[in-house]
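To start, the structure itself, in structure tokens.
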Amino acid sequence: DIDDSFKSMFAQLAGDDMEISVRELQTILNKVVTRHKDLKTDGFSMESCRTMVNLMDKDGSARLGIVEFQILWNKIRNLLVIFRQFDLDKSGAMSSYEMRLAVEAAGFKLNNRLNQILVARYAENEMIDFDNFICCLVKLESMFRYFQQFDKEGSGQAEMNITEWLYLTMCG
Ligand SMILES: O=C(O)[C@@H](S)Cc1ccc(I)cc1
């Protein structure tokens, strides 16, 4: 069930085709994030928004329908809670130490090397601001979810053919 205020926000945003484009997603995310004065951000980039649309877009339309958008919106809402919980010094951005704790709290137990790689990839001046945090966690969650389709019993190993591999690596 999608509440009416969300429906009207979506309708306003999506326009006639009732789907949200990368640009429309960027507009709403940057509008909303500036409302939260405690969050540091240099704005959601087109690249970040394109990645999130690709990850959330089930039907390959390169746009988000209301259900896909609602799922993304709720993910961001939940990640915002974790971000605030682990931004221990209330700097509005994650240090590498805070990031490791937040990633684990989000349900991802990564080894040191992977944690270092996330910081290298998403940090600017050793800090991960809110938009980069969201992009990183949305991608991490999507990659885990995709792998689990091939590893139903959670063995940690999976087999996939080249086409399935390309869906994972090229659509992310
Ligand atoms: O809408 C809000 O401000 C809260 S509830 C969720 C949210 C927060 C930040 C972003 I960017 C997007 C969505």
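Counting starts at 1 for both ligands and their atoms, following the listed order.
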Does ligand 1 have any N/O pairs with the protein under 3.5 Å, and how far apart?
unit_1, atom_1, unit_2, atom_2, d
ligand 1, 3 (O), Arg35, NH2, 3.0
ligand 1, 3 (O), His36, NE2, 2.8

Apply side-chain contact (heavy atoms from CB on, under 4.5 Å) to the pair Met99 and Leu137, showing each step before the final yes or no.
CA-CA 10 Å; Met99 184 64 177; Leu137 271 293; 3.8 Å; yes
Do Tyr167 and Tyr146 have ring centroids that are under 6.0 Å from one another?
no
What distance do Leu140 atom CG and Tyr122 atom OH have between them, rounded to the nearest 0.5 Å?
8.0 Å
Leu55 and Val67: same hydrophobic cluster, using ILVMFWY side-chain contacts below 4.5 Å?
yes
Determine the sole option in Asn30, Leu29, Asp42, Val33 for which the side-chain contact (heavy atoms from CB on, under 4.5 Å) test with Asp131 is passed.
Asp42
Provide the closest heavy-atom pair for Met52 versus Phe44 in the form atom of the first, atom of the second, distance.
CE-CD2, 3.8 Å
